[in-house]
Each structure stands twice: as structure tokens, then as C-alpha cells.
Amino acid sequence: MPGTLAKAVALTLLVAAVLVPLWAVLVTSLASRGTIDDAGGMVMVPREIDPSAYITIFSGGDVTRAVWISTLVTVLGTTLSLVLTVLAAYGLSRPGSVAHRGLLFYFLLTFLIFPGLVPSYLVVTGLGLKDNIWSLILPSAISVFNLVVIRAFFMNVPAELLDSARIDGAGELRILTRIVLPLSRAVIAVVGLFYAVGYWNAYFNAVLYIDSNDKFPIQRVLQSYILAGQSPNVSGTAVSLPGVTAYPPTLAVKMAVVVVTVIPAVIIYPFVQRHFTKGMITGAVKG
């Protein structure tokens with residue numbers, strides 16, 4: 001009983017530590033200028049709803065453009081990463097594939113040895129990707145951790161099933177698309193979520209490789225607002241709706257940008273969450 005009570009208290013404190021800051025950010029983003037001035041900063045108790053901050057950031061300017069860039073990078077990056085990771089994992093999961101052991105050792109070696117930022121920067125600039133959207137995708141196109149996870153799932157597919165498909169005349173690509181991938185939808189969904197969240201939340205590559213403000217992703221814009229202390233650059237159009245502040249406070253705009261960066265992962269996660277348990281069960285079943 002005392003142990004159960006301690007676990008309940010710990011879980012409650014953990015949930016509170018996560019939800020309270022999110023609640024403060026959300027309420028502050030919807031607070032009016034008077035409410036923020038009275039509170040002297042972040043707002044915890046909503047007195048009135050003022051969506052002018054969201055109307056302002058989506059009426060044009062840096063934030064609107066950054067959201068589109070981040071969405072493009074996330075979609076392209078996740079698609080490319082999944083294709084490359086699945087193909088590499090399938091090849092490495094077949095014991096008779098060409099240079100199987102050497103390539104697997106090479107990939108696993110990257111867990112221990114990382115060349116560093118300077119060589120990576122020189123490679124990206126040498127390929128002409130400086131200040132290019134592809135510099136946000138190609139350097140992190142394949143995660144070795146995700147590759148190992150998918151490879152482990154592929155190795156659990158019964159070899160008899162694959163051999164019967166080969167006897168029927170199916171090639172390796174057909175076996176991958178018609179047999180292996182349908183059986184591995186759970187792990188593909190989970191790894192796809194990992195890639196998507198990684199691309200959406202990444203900002204360090206933008207700091208290194210992107211110089212033009214009109215190519216900044218949303219996380220880079222958020223970093224410049226919150227950490228560098230820059231003022232949000234929006235279209236400047238005054239909001240003219242009944243009961244809405246004409247010019248929202250800067251703090252509300254900053255918190256609205258934080259909400260915009262967090263909300264996609266919050267929306268997508270419930271649709272993928274069920275695959276976590278299913279993926280673990282699938283990985284535990286041997287052929």
C-alpha cells in the first residue's frame with residue numbers, strides 16, 4: 001500500500017511537471033494585453049480569451065513562412081528517411097546479402113565514432129547545400145538506431161514465408177513491399193513518428209547551414225524569439241475583430257509560436273501510440 005501511494009504521488013508530480021508549463025504557455029498565448037500586464041508575465045488563470053496572437057502570426061511574416069518550411073522539410077525528410085532506412089534494414093536483415101557483415105559493422109561503428117561538426121559542415125558546404133533546404137534533410141536522412149530497430153523486426157519475419165514467395169517467383173522488392181512491410185506496419189509507424197518529430201523539432205542544422213531568414217524553419221524562428229530575444233516579425237496588420245486586441249502583446253505572440261511548434265506532435269501521437277505496444281508484441285514473436 002505505501003508503495004502504491006508513493007507511485008501515485010510520483011506519477012501525479014510527473015504529470016503536473018509536464019502539464020503545468022504547457023498550460024501556462026497556452027493560457028498566456030490566449031491572454032490579452034491587460035491580463036499579461038496585470039500578471040507581470042506568464043498567466044496561469046484565464047480571464048478572457050484573446051486569439052489575436054494566433055491571428056497575427058498566421059496573417060503573414062516569419063512564422064507563417066517558417067511553418068510551411070518546417071512542414072515541407074518534415075514531409076520530405078520523413079518520406080526519404082523511411083525509404084532509405086527500410087531498404088537498408090531489409091538488405092542487412094538478409095544473411096546472404098552482399099557485404100552484409102561489413103556494412104552492418106560500418107553502420108554500428110557510427111554509434112561509437114562521430115566525425116564531429118567541422119567535417120560534417122565541410123561536407124555539406126562542399127556539396128553546395130549551404131543555405132539550401134536539403135541541408136536540413138540529407139545530413140540526418142538515416143538514423144542508425146532506427147535502422148537497427150527495423151532490421152530486428154525484419155529478421156523476425158519467418159524465413160519459410162519468404163522462401164515460399166521466392167519459389168512462387170517473387171523478387172526481393174516484391175517480397176519487401178507485399179510481405180515484409182505489411183507485417184511490419186507497427187514498427188514503420190513508430191519509426192516514422194520518430195523521424196517526423198525529429199525533423200519538426202530540429203533547429204541546430206538550420207543554425208549551421210541556413211543563413212537566409214526566409215528559409216528558417218519554425219524551430220529556428222522560435223529559437224531567435226525566445227533565446228536571442230528578437231521581436232516577432234509579423235505582417236504588421238492590425239487585428240480588427242470584436243473583443244480582440246488590435247495589437248497583441250509580444251509575450252503572447254512568443255507563446256503562440258511555442259504552441260504552434262508543439263501542437264503537431266500532440267495531434268499525431270495519439271494516432272501512432274497504439275502501434276508502440278503492437279510493435280513490441282510483433283518483435284517478441286519468433287517465426
Side-chain angles (χ1 to χ4, degrees), residues 7 11 71-115 134 136-202 205 264-287:
K7 291 180 180 179
L11 181 60
T71 303
L72 177 64
V73 169
T74 301
V75 173
L76 290 179
T78 303
T79 303
L80 178 64
S81 295
L82 279 179
V83 171
L84 295 178
T85 305
V86 166
L87 292 177
Y90 180 72
L92 294 175
S93 66
R94 303 300 97 198
S97 58
V98 178
H100 167 78
R101 293 185 179 275
L103 288 175
L104 181 60
F105 175 77
Y106 171 77
F107 280 113
L108 294 178
L109 193 63
T110 60
F111 274 128
L112 303 176
I113 301 175
F114 179 70
W134 286 104
L136 305 178
I137 299 175
L138 295 181
S140 54
I142 294 183
S143 167
V144 179
F145 174 79
N146 294 335
L147 173 64
V148 172
V149 170
I150 296 182
R151 175 181 176 272
F153 272 78
F154 286 173
M155 293 184 68
N156 287 334
V157 176
E160 296 80 3
L161 183 62
L162 304 183
D163 292 338
S164 64
R166 293 190 182 94
I167 293 174
D168 291 336
E172 294 298 331
L173 184 60
R174 190 176 185 87
I175 293 175
L176 174 62
T177 56
R178 295 299 181 90
I179 298 177
V180 177
L181 288 183
L183 294 175
S184 307
R185 282 179 293 185
V187 68
I188 298 299
V190 172
V191 170
L193 176 65
F194 288 163
Y195 274 127
V197 172
Y199 280 114
W200 180 265
N201 289 334
N205 281 352
V266 175
I267 294 176
I268 295 175
Y269 179 79
F271 296 97
V272 185
Q273 184 270 341
R274 62 188 179 91
H275 291 292
F276 280 92
T277 303
K278 183 179 178 181
M280 293 174 62
I281 294 176
T282 304
V285 176
K286 301 297 182 180

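This chain uses plain numbering: 1 for the first residue, then up along the sequence.
A distance of 9.5 Å separates OH in Y199 from OG1 in T79, rounded to the nearest 0.5 Å. With rounding to the nearest 0.5 Å, the separation of CG in L80 from CG in L138 is 6.5 Å. Interatomic distance, L193 CG to I188 CD1, rounded to the nearest 0.5 Å: 13.0 Å. Distance check: F153 CZ to L181 CG gives 13.5 Å after rounding to the nearest 0.5 Å.
Minimum heavy-atom separation, R185 to P182: NE-O, 3.2 Å. Across all their heavy atoms, A89 and I150 have their closest contact at CB-CG2, 3.7 Å. Shortest non-hydrogen contact noted between T78 and A196 is OG1-CA, 3.3 Å.
Listed by chain and number, the residues in a side-chain contact (heavy atoms from CB on, under 4.5 Å) with V83 are L87 (sequence neighbours excluded). With sequence neighbours excluded, the residues satisfying side-chain contact (heavy atoms from CB on, under 4.5 Å) with L109 are F105, I113. Take A165 and apply the side-chain contact (heavy atoms from CB on, under 4.5 Å) test, not counting sequence neighbours, and it matches A170, I175, I179. Legend: residues meeting salt bridge (charged side-chain N to carboxylate O under 4.0 Å, His left out) with R174, ordered by chain and number and at least two apart, are absent. Qualifying side chain to side chain donor-acceptor pair (under 3.5 Å) partners for T74, counting only residues two or more places apart in sequence or in other chains: none. Residues satisfying the side chain to side chain donor-acceptor pair (under 3.5 Å) criterion with N201, sequence neighbours excluded, are Q219. In this view, L72 and L76 satisfy the side-chain contact (heavy atoms from CB on, under 4.5 Å) rule, not counting sequence neighbours.
Within the structure, the side chain to side chain donor-acceptor pair (under 3.5 Å) test picks out no pair touching residues 136-151 (sequence neighbours left out). Pairs passing the side chain to side chain donor-acceptor pair (under 3.5 Å) check and including a residue from residues 82-93, sequence neighbours excluded, read T85-Y195, Y90-E172.
Not a single donor-acceptor pair under 3.5 Å links the side chain of R94 to the backbone N or O of G91. One N or O on the side chain of S81 and one on the backbone of A141 form a donor-acceptor pair closer than 3.5 Å.
In this structure, V190 and V149 have side chains that are not in contact, with every pair of non-hydrogen atoms separated by 4.5 Å or more.
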